[in-house]
Amino acid sequence: MAYIEPAPIKDKENPLESMMSRFDAAARLLGLTEEMYHILKVPARQVTVGLPITMDNGEIKVFEGHRVIHSTILGPSKGGIRLDPGVNIDEVRALAAWMTWKCAVVDIPYGGAKGGIACNPREMSAGEIERLMRAYTVAMLDVFGPDRDIPAPDMGTGPREMAWLMDEYSKSRGMTINGVVTGKPLVLGGSLGRTEATGRGVTIAALSAMDKLRMNPYRATAAIQGFGNVGSFAAELLHERGVTVTAISDITGGYYNEKGLDITAAMAYRNAHNGTLDGFTGAERITNEELLALPVDVLVPAAKEDVITAENADAIQARMIVEGANGPTSASADDIINEKGIMVVPDILANAGGVTVSYFEWVQNRIGYKWTLDRINRRSDRNMKDAFDRVFETSKKYKVSMRLAAYIVAIDKVASTYKYRGGY
Ligand code: NAD
């Protein structure tokens, strides 16, 4: 399964605005000056390019590609590249800012960026996609760089596309520079542990939250929506740590067993059945909506955005929500969830294990040395736990939700670094 770098917060009720509403609230609580507010809101650089590509039928088609660097205050910018028909500059701008906060909250020395090309990769041949990726790389030669801006996979891209990018960039520089991109195949300098990194980070976030709420993982139950990269590894690792996973789900619906599901069997079943759980036995069938309302201790939405909204938030009985997906809770549901006293470990913290191991990939490329899986897991677990503790302390200090606290930690870090560095 391809690793996908953190992507969108989408809110059907208020598209892409939910991130900004949370950013605004955190900025107010921090007492951010108007000048600083504008510095942090406006992207540092944005580049749009036209990419003429010869298609397999001999026709030349021009694609539009973007790269937005929101901030380089903390370090080189980091963010995925998506290939999708819906790519547009406004969305890329919002996603680039989102990356700045995500890296800052887990204390990774990166700024935020995002890129994309408006195209439909499902209707293109491998050769067409390769030419497009190479052309995009050449057009972005003065943007990308291991010390400047480091892309990664996102929607519609994976290790294959990252290999082409790394190769084209290296050729143009006359030497192999694998640190220009993360999410590469292992043989090209990809990192061990990256595939399971996000699910692992979700697990560490959940265990840290249980610790704060004095819950014993061996007596806890969990329901996990989404059984792809993030959800299945989170289910496996939570189970390994003693948690009884009573429900899982995917696009085909939910699977419930009060006594706990056999996660290893579910993963094997999914791998053998086109990536879905359809027909999985040993469980009662429920709907995705029913899964969200189960009386479990831990609810992990790890499928898609906007599944917990003002309409269904009241039905949630879990003691905590650990957001594996990006933007699973719409801004309109925040207040209802908070009033019910449910702890939410927000997406920018809970699913940052992936970008953490991307950072480790880059570190390994730069020192020219491969770390063992054990070292990677230990370091990423520690990083996630430290980030959780920082956000938790901040939520106590400001008497706000974990979500607002995560934004406060991130914005404060970027703003205070800017103050030390100074402007013009
Ligand atoms: P994936 O494609 O591997 O898996 C998605 C899962 O969700 C599948 O099991 C699919 O069947 C299920 N699903 C899709 N639509 C659904 C629906 N309507 N109802 C219920 N289930 C549905 O994706 P992933 O990489 O696991 O990503 C899941 C979420 O986590 C996304 O929001 C993604 O942006 C976010 N995320 C992923 C990573 C990562 O490292 N993969 C990192 C950060 C955030």
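Remember, it's 1-based here, ligands and their atoms both numbered in the order they're listed.
- Side chains of Thr276 and Asp278: no donor on one and acceptor on the other come within 3.5 Å.
- Using modelled atom types and a 3.5 Å distance limit, the side chains of Gln364 and Ser191 yield a donor-acceptor pair.
- Close approach to Lys304 involves these atoms of ligand 1, each under 4.0 Å from a residue heavy atom: 15 (N), 16 (C), 17 (C), 18 (N).
- Shown in contact with Asp250 at under 4.0 Å from a heavy atom are these atoms of ligand 1, numbered in order with element: 9 (O), 11 (O), 20 (C), 21 (N), 22 (C).
- Other residues, nucleotides and ligands contribute more than 12 heavy atoms inside 6.0 Å of the CD atom of Gln317.
- With respect to the salt-bridge test (charged N to carboxylate O, under 4.0 angstrom), the residues Lys212 and Asp389 qualify.
- Remark: ligand 1 atoms within the under-4.0 Å shell around heavy atoms of Ala325 are 29 (C), 30 (O), 32 (O), 35 (C).
- Proximity annotation for atom 7 (O) of ligand 1: of Gly183, Ala303, Pro153, Ala303 comes nearest, heavy atoms only.
- Contacts between Ala302 and ligand 1, counted as non-hydrogen atom pairs separated by less than 4.0 Å, involve the backbone only.
- Of all atoms in ligand 1, numbered sequentially from 1 with element shown, those under 4.0 Å from a heavy atom of Asn288 are 19 (N), 20 (C).
- Not a single donor-acceptor pair under 3.5 Å links the side chain of Asn120 to the backbone N or O of Pro85.
- The heavy atom nearest to atom 1 (P) of ligand 1, out of those in Leu292, Thr252, Asn229, Thr287, is found in Asn229.
- With salt bridges taken as basic N to acidic carboxylate O contacts below 4.0 Å, one links Arg134 and Asp167.
- Heavy atoms of Gly354 stay at 4.0 angstrom or farther from ligand 1.
- Proximity of Thr198 to ligand 1, defined as any heavy-atom pair under 4.0 Å, is confined to the side chain (atoms from C-beta onward).
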